[in-house]
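Reckoned from all heavy atoms, side chains included, excluding hydrogens, waters and symmetry mates. As the structure is a prediction and not an experimental result, all values here were calculated from the model.
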Amino acid sequence: MQPSSGVLRGCAQGQERKAGSRERLLAAAGKAFAAAGYFAVSVEDIALKAGVSRMTFYRNFGSKAALAGDLFRENGRAAMPRLLSIAGRNYRDHAAVAEWIGVLFEADRSSSCLLSVFVQASVLDPEFAARAREFVGEIIDGLGTGIPAFRLDPRKPCDRRRWLEAWLVIYEILDQGNHAARGGEIANDPLVIDILASRFVRFVSVTDIAAVHMHERPDRAFDAGEKGACRASKPHAP
């Protein structure tokens with residue numbers, strides 16, 4: 001039996017109201033967090049600023065951490081084209097990479113209040129911290145579409161070490177950008193960008209995964225199957 005058009009309109013209107021409430025809650029939370037910090041803002045504060053009830057808040061988000069996680073995801077989606085833009089440039093050129101990192105740092109400075117909120121949320125809520133760690137993996141996946149050195153599967157033993165290296169390279173760029181945005185003296189030293197660029201270029205310049213393993217772990221014996229798997233996953237130069 002097909003639902004009536006009135007029922008369908010009612011469902012659609014309910015979904016629109018929910019979407020509207022969610023957007024208002026996210027906007028209100030962003031402003032409240034930026035003004036008072038993550039710890040000081042309560043669910044009731046956010047609901048009041050959004051003009052909705054506490055019940056409506058919990059219909060949209062299971063907790064304050066869940067809302068902060070969605071805010072982080074939206075911010076991450078907006079930043080992703082900028083983060084991945086190096087794949088369309090000469091990513092082995094130190095000057096090009098340093099310029100890219102400089103752009104990332106400037107973007108972080110322009111949103112320093114929100115970044116401070118994310119740092120506070122990651123300290124308090126394991127759920128949020130896990131989401132932030134996943135974001136680094138998403139950047140690696142995105143870079144892998146244009147940069148062979150990032151085409152890694154962390155589930156494969158022969159990729160695992162390189163994937164962790166990639167994670168640390170990207171995390172350090174994000175972390176130092178965060179520190180620079182919040183006025184960190186070390187992170188704002190111009191040499192930091194130079195050092196980060198050198199590490200990035202060094203990482204992307206190595207494309208033979210099996211050779212990397214043999215060079216770094218000469219004491220380890222690779223069986224034929226593992227060598228074959230590493231060769232199969234070897235990134236090809238563009």
Notebook entry, point to check: N188 and side-chain hydrogen bond (donor to acceptor under 3.5 Å, both in side chains): which partner among R109, H179, Q176?
Noted result: R109
Going from [atom1] on [X] to [atom2] on [Y], what distance comes out if it is rounded to the nearest 0.5 angstrom?
X: I140; Y: L164; atom1: CD1; atom2: CG; value: 8.5 Å
X: L71; Y: L25; atom1: CG; atom2: CG; value: 11.0 Å
X: R89; Y: I147; atom1: CZ; atom2: CD1; value: 11.0 Å
X: K64; Y: S42; atom1: NZ; atom2: OG; value: 7.5 Å
X: D194; Y: R199; atom1: CG; atom2: CZ; value: 11.0 Å
X: E99; Y: I86; atom1: CD; atom2: CD1; value: 8.5 Å

Checklist line | side-chain contact (heavy atoms from CB on, under 4.5 Å) between N60 and L67, worked out | finding: CA-CA 8 Å; N60 287 272; L67 182 149; over 6 Å; no
[X] and [Y]: which non-hydrogen atoms are nearest, and at how many Å?
X: I193; Y: A98; answer: CG2-O, 3.5 Å
X: A40; Y: A36; answer: CB-O, 3.6 Å
X: P148; Y: G146; answer: CD-O, 3.8 Å
X: A68; Y: A121; answer: CB-CB, 4.5 Å

Just so I know, are the side chains of [X] and [Y] near enough to count as touching, which here means a heavy-atom distance under 4.5 Å?
X: M80; Y: E138; result: yes
X: R92; Y: N90; result: yes
X: R54; Y: E44; result: yes
X: D108; Y: R182; result: no
X: D189; Y: V192; result: yes

Plane angle bin for [Y] and [X] - parallel if under 30°, tilted between 30 and 60°, otherwise perpendicular:
X: Y38; Y: F33; answer: tilted
X: F203; Y: F150; answer: tilted
X: F61; Y: F57; answer: tilted

Notebook entry, point to check: Quick one: do D159 and R151 make a salt bridge, cutoff under 4.0 Å?
Noted result: no
Between [X] and [Y], is there shared hydrophobic-cluster membership here, with clusters defined by ILVMFWY side-chain heavy atoms closer than 4.5 Å?
X: L48; Y: Y58; value: no
X: L191; Y: I186; value: no
X: L168; Y: W163; value: yes
X: I173; Y: Y171; value: yes
X: V103; Y: V201; value: no

Next item on the list: Could you walk me through whether E74 and E23 pass side-chain contact (heavy atoms from CB on, under 4.5 Å), step by step?
Entry: CA-CA 11 Å; E74 291 203 353; E23 294 308 316; 4.2 Å; yes
Indicate yes or no for a side-chain donor-acceptor contact from [X] to the backbone of [Y] under 3.5 Å, with no hydrogens or angles considered.
X: S111; Y: A107; answer: yes
X: S205; Y: R202; answer: no
X: T56; Y: V52; answer: no
X: K49; Y: R24; answer: no

Notebook entry, point to check: Under the criterion side-chain contact (heavy atoms from CB on, under 4.5 Å), which of L143, L174, I170 is the partner of L83?
Noted result: L174
Note to self: Applying ring pair (Phe, Tyr, Trp, His ring centres under 6.0 Å) to W100 and Y91, what does each step give before you reach the verdict?
What the structure shows: CA-CA 9 Å; W100 167 65; Y91 50 79; over 10 Å; no
Margin query: The test is side-chain contact (heavy atoms from CB on, under 4.5 Å); show your working for H94 and F200 and say whether it passes.
Written below: CA-CA 9 Å; H94 184 279; F200 185 93; over 6 Å; no
Notebook entry, point to check: Run the salt bridge (Lys or Arg N to Asp or Glu O under 4.0 Å) check on D70 and R22 step by step: do they pass?
Noted result: CA-CA 10 Å; D70 274 19; R22 180 181 179 280; 2.9 Å; yes
